[in-house]
Amino acid sequence: MRIREVGPRDGFQNEPETIPTSDKVRLINALGRAGVERIEVASFVRPDVIPQLSDGVEVLHRIELPPTVARMVLVPNRKGLENALRERAYFDEAALFVSASQTHNKRNVNRTVEETMADVRGMGPRIVAEGVRLCAVIATSFGCPFEGEVPMGRVLDLAEQFAEAGAVEIGFGDTTGMCNPAYAGRFFATAIERLPGVEITAHFHNTRGQGLANAYAALEAGCRSFESSFGELGGCPVPKGSTGNIATEDLVSMFHEMGIDTGLDLGGLIDAAREAQETLGRRLTSHSIVAGPVIWSPGERAGA
């Protein structure tokens with residue numbers, strides 16, 4: 001099971017607070033101590049667009065993670081790529097992104113889907129040539145708050161274009177929590193069949209409380225790569241009241257209770273999420289922050 005922690009980028013950028021750099025570094029280091037080996041650390045989006053991540057380069061320079069940790073950065077466009085490559089020594093993976101919905105893509109990056117993908121075709125080979133692992137993210141893969149249904153075929157066509165540009169991993173994002181477990185199962189079974197040799201990653205939000213159920217459905221369909229955010233940090237500007245990504249500690253707790261090894265220290269993840277909660281000074285929505293891990297008496301088994 002492969003889990004990427006996206007809280008330091010996808011989580012922090014959607015929080016109303018701008019977290020001090022020293023606190024970001026401390027929290028990311030705590031995630032590393034908990035055994036997280038894939039972390040989305042920073043974004044090269046313009047600082048005036050997302051001021052919460054304006055210290056991304058400093059964070060990359062200051063974090064102290066084990067050498068086994070793959071550090072990912074998000075690259076929005078050609079200018080962002082040039083800025084990122086100046087810091088090439090400090091990251092291992094780069095993610096390019098698009099929204100499957102035309103309206104969402106225009107509102108998110110002020111470009112059509114076609115314009116974004118034209119840039120992808122140029123940036124992808126450049127990233128690969130630099131020895132960086134190329135990943136892709138397709139937002140609104142399961143529905144758009146502006147357009148409603150997003151056809152599965154459209155999403156998978158975009159995924160194939162990313163693969164042709166050199167992406168070896170493609171993440172499908174439930175950006176505003178519109179997915180349901182039945183559709184998640186069908187979607188990931190189809191994606192895995194249609195994209196052989198590509199790592200298929202599930203990225204669910206818990207906006208309507210279905211995040212873990214969707215993750216389980218994706219797991220049953222064969223998905224073995226997930227993204228999540230400690231403390232359930234993050235969210236999306238639309239719809240109002242949208243909560244964040246599924247909590248990493250809740251996802252790991254579910255997997256561990258199912259007997260699935262993640263290689264992560266659940267107690268350490270919960271401690272990191274509680275640190276984030278204390279840093280922000282408000283209650284986060286993760287369940288494991290409150291309940292803690294399941295503790296069984298000696299000789300007991302889950303489900304006995």
Side-chain angles (χ1 to χ4, degrees), residues 1-11 31-32 34-41 68-74 91-98 100 124 127-128 132-139 141-142 152 155-156 158-160 162-163 165-175 179 181 183-206 210-230 232 234 244-256 258-264 266 269:
M1 194 62 59
R2 287 161 60 80
I3 296 176
R4 178 180 290 109
E5 171 59 56
V6 300
R9 198 284 302 173
D10 195 16
L31 292 167
V36 179
E37 293 192 342
R38 312 175 85 193
I39 304 178
E40 189 179 30
V41 177
T68 54
V69 177
R71 299 155 296 170
M72 173 184 274
V73 299
L74 188 74
F91 63 91
D92 311 288
E93 302 176 331
L96 302 178
F97 64 94
V98 71
I127 291 170
V128 173
V132 177
R133 186 174 187 266
L134 176 59
C135 307
V137 178
I138 303 178
S141 287
F142 305 97
M152 186 186 301
V155 179
L156 296 180
L158 290 170
E160 288 182 337
F162 274 117
V168 295
E169 177 185 350
I170 299 174
F172 298 97
D174 186 21
T175 311
C179 192
Y183 187 75
R186 294 195 300 273
F187 182 95
F188 281 94
T190 304
I192 290 167
E193 180 179 2
R194 187 160 161 179
L195 297 159
V198 175
E199 182 171 8
I200 303 299
T201 298
H203 179 120
F204 292 114
H205 284 227
N206 205 33
Q210 298 186 70
L212 287 182
N214 290 333
Y216 178 75
L219 174 75
E220 289 288 283
C223 182
R224 295 296 180 267
S225 179
F226 295 84
E227 292 184 337
S228 52
S229 178
F230 70 136
E232 205 171 273
N245 304 275
I246 53 176
T248 304
E249 58 274 15
D250 290 348
L251 180 68
V252 170
S253 177
M254 181 181 78
F255 284 155
H256 285 188
M258 293 170 62
I260 298 171
D261 182 26
T262 66
L264 302 181
L266 177 57
L269 288 173

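Since we're looking at a predicted model, the values are computed, not measured.
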Side chains of C135 and T201 in contact at under 4.5 Å (non-hydrogen atoms): no

Closest non-hydrogen atom pair between A221 and G185, with its separation: CB-O, 3.5 Å

Salt bridge (charged side-chain N to carboxylate O under 4.0 Å, His left out) partners for E227, two or more places apart: R4

Name of the residue among N245, I39, L74 meeting side chain to side chain contact (heavy atoms under 4.5 Å, CB included) with V6: N245

By side chain to side chain donor-acceptor pair (under 3.5 Å) - contacts of E232 (at least two apart): N206, T285

Parallel, tilted or perpendicular: ring planes of F204 versus F188, cut at 30 and 60 degrees: perpendicular

Smallest separation among heavy atoms of S229 and G11, with atom names: OG-CA, 4.1 Å

F230 vs L269 side-chain heavy atoms within contact, under 4.5 Å: no

Residues which pass side chain to side chain donor-acceptor pair (under 3.5 Å) with T248, listed by chain and number, not counting sequence neighbours: E5, S228

pair L219-F255: side-chain heavy atoms closer than 4.5 Å: yes

4.5 Å side-chain heavy-atom contact, L96 and L134: yes

Nearest heavy atoms of A217 and A184, plus distance in Å: CB-CB, 4.1 Å

Flag side-chain contact, heavy atom, 4.5 Å: C179 against Q210: no

Closest non-hydrogen atom pair, A159 against L195: CB-CD1, 3.7 Å

Single hit among T175, D174, D10 for side-chain hydrogen bond (donor to acceptor under 3.5 Å, both in side chains) with H203: D10

Minimal non-hydrogen separation, A100 against I138, with atom names: CB-CG2, 3.9 Å

Test item: L251 and L212 side chains (from C-beta on) under 4.5 Å apart, heavy atoms: yes

Results of salt bridge (charged side-chain N to carboxylate O under 4.0 Å, His left out) for E220 - residues two or more places apart only: none

CZ on F187 to CG on L156, rounded to 0.5 Å: 5.0 Å

Partner set under side chain to side chain donor-acceptor pair (under 3.5 Å) for E37, not counting sequence neighbours: none

Non-hydrogen atoms of H256 and I260 that approach each other most closely: CD2-O, 3.5 Å

Enclosure of Y216 OH (heavy-atom neighbours >12, cutoff 6.0 Å): no

S225 side, atom OG; I170 side, atom CD1 - distance, nearest 0.5 Å: 11.5 Å

Exam field: side chain R133 to backbone A94, donor-acceptor pair closer than 3.5 Å: no

Electrostatic pair E169:R2 at N-O distance under 4.0 angstrom: no

F91 vs V41, side chain to side chain contact (heavy atoms under 4.5 Å, CB included): CA-CA, chis, key distance, verdict: CA-CA 9 Å; F91 63 91; V41 177; over 6 Å; no

E193 atom CD: more than 12 heavy-atom contacts under 6.0 Å: no

Partner residues of R186 under the side chain to side chain donor-acceptor pair (under 3.5 Å) criterion, sequence neighbours left out: none

Heavy-atom side-chain contact between E249 and L266 under 4.5 Å: yes

Salt bridge present between E93 and R9 (N-O < 4.0 angstrom): no

